[in-house]
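First the structure, in the form of structure tokens, and then the observations on it.
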Amino acid sequence: MKIIIKRSNDVFLFMSAGEVLYKGILARNGLRTLRQLYNNENKLISEIQFRIEFPLKPTNIINLASYQTFTLKYTNIFKPKYICNVINDTYDIIPHKGYYTSIFKNDIQIGYFEDSKISVFGNETIILYLNKLDINSQNLICSFALALKCSFEDNYSTGSLNLGNWGFELKKFDSTWHPTDLF
């Protein structure tokens, strides 16, 4: 499955085959700022709250509309990865050098993000390649995308160039992996 995530003003649209599957927005609730993911019927799928936990580890708290709460935690600056334990499953999100970030479920790759190299007038594009998943897993992966990949910063410059990730990586990107239902 190929999901294209496009920023349009202050909304991120998650689209597949020309159809909008989800939209992500930034909402304010009192002093808290939340990222919210809605499906194509405008029903709330998840709310994501960012916070820093000791010792300076970025953490996203994901509250699904099904009344489940999960924590997406950053592990180590020298071997970067995000971990989310969901009932009996462990999701690992591993950034690589360049423009790719892999997604693993129980140590098996199920997808990856590809960041755009150029954005014009703040309209960035991210492509998410996924194996065909059940809707609950798809909702969770799209919540991960909203938490980690979608920046709501006001960046309306004429154009900007993304130089990719130059930092450390846990392991190299597997360029031979492709979603099973695309190829």
Side-chain angles (χ1 to χ4, degrees), residues 1-6 12-17 21-22 24 35-37 39 45-53 55-66 68-117 124-151 162-183:
M1 171 178 236
K2 179 179 178 181
I3 298 175
I4 297 172
I5 306 168
K6 289 184 85 95
F12 280 90
L13 299 175
F14 294 65
M15 303 180 326
S16 182
L21 303 176
Y22 303 97
R35 294 169 187 241
Q36 295 178 325
L37 186 69
N39 67 10
I45 299 298
S46 66
E47 287 187 329
I48 303 150
Q49 181 181 5
F50 176 79
R51 65 181 181 206
I52 304 286
E53 292 189 348
L56 297 176
K57 290 194 178 189
T59 302
N60 288 280
I61 308 301
I62 300 172
N63 296 305
L64 295 177
S66 60
Q68 294 174 306
T69 300
F70 303 108
T71 303
L72 180 62
K73 288 188 173 193
Y74 187 71
T75 57
N76 184 328
I77 193 167
F78 298 109
K79 293 184 179 183
K81 98 173 157 174
Y82 293 86
I83 296 176
C84 185
N85 293 311
V86 178
I87 306 168
N88 296 323
D89 297 318
T90 299
Y91 289 88
D92 295 322
I93 299 167
I94 301 174
H96 303 287
K97 289 192 184 293
Y99 303 98
Y100 299 100
T101 302
S102 296
I103 306 162
F104 293 84
K105 180 178 180 180
N106 300 324
D107 297 323
I108 298 170
Q109 187 166 359
I110 59 168
Y112 68 89
F113 298 105
E114 181 180 351
D115 296 336
S116 61
K117 296 169 182 67
E124 61 185 294
T125 302
I126 302 156
I127 301 174
L128 171 58
Y129 295 96
L130 279 177
N131 281 341
K132 192 157 181 74
L133 301 169
D134 63 275
I135 192 67
N136 292 329
S137 296
Q138 183 178 306
N139 289 346
L140 189 61
I141 298 293
C142 288
S143 296
F144 293 162
L146 185 61
L148 300 176
K149 293 292 182 178
C150 299
S151 171
N162 178 359
L163 298 176
N165 177 22
W166 286 47
F168 298 102
E169 65 180 345
L170 182 64
K171 60 181 166 182
K172 295 205 176 297
F173 177 68
D174 180 3
S175 60
T176 62
W177 184 90
H178 297 288
T180 53
D181 63 336
L182 277 184
F183 301 97

Residues at least two apart in sequence or cross-chain that pass side chain to side chain donor-acceptor pair (under 3.5 Å) with Asp107, listed by chain then number, are none
Has [X] got a side-chain atom pairing as donor or acceptor with [Y]'s backbone, closer than 3.5 angstrom?
{"X": "Ser16", "Y": "Lys2", "result": "yes"}
{"X": "Asn106", "Y": "Thr90", "result": "yes"}
{"X": "Lys132", "Y": "Met1", "result": "no"}

message = Given Phe144, which partner from the list Tyr112, Phe113, Tyr91, Tyr82 fulfils the ring pair (Phe, Tyr, Trp, His ring centres under 6.0 Å) test?
response =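 Of all the options given, the one that passes is Tyr91.
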Gly24 versus Leu146, closest heavy-atom pair with distance:
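Shortest heavy-atom separation between Gly24 and Leu146 comes out as CA-CD1, 3.9 Å.
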*asked:* If you apply the rule side chain to side chain contact (heavy atoms under 4.5 Å, CB included), what do you find for Lys149 with Thr101, and how did you get there?
replied: CA-CA 10 Å; Lys149 293 292 182 178; Thr101 302; 2.9 Å; yes
My understanding is that only residues two or more places apart in sequence, or in another chain, count here; which of them pass side-chain contact (heavy atoms from CB on, under 4.5 Å) with [X]?
{"X": "Gln68", "result": "Leu64, Ser66, Phe70, Ile87"}
{"X": "Lys73", "result": "Glu53, Thr59, Thr71"}
{"X": "Thr69", "result": "Ile61, Asn63"}
{"X": "Ile135", "result": "Tyr22, Gln138, Asn139"}

Can you list the residues that meet the ring-ring contact (aromatic ring centres under 6.0 Å, His included) rule with Phe104, with sequence neighbours excluded?
->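 Counting only residues at least two positions away or on another chain, Phe104 forms no ring-ring contact (aromatic ring centres under 6.0 Å, His included).
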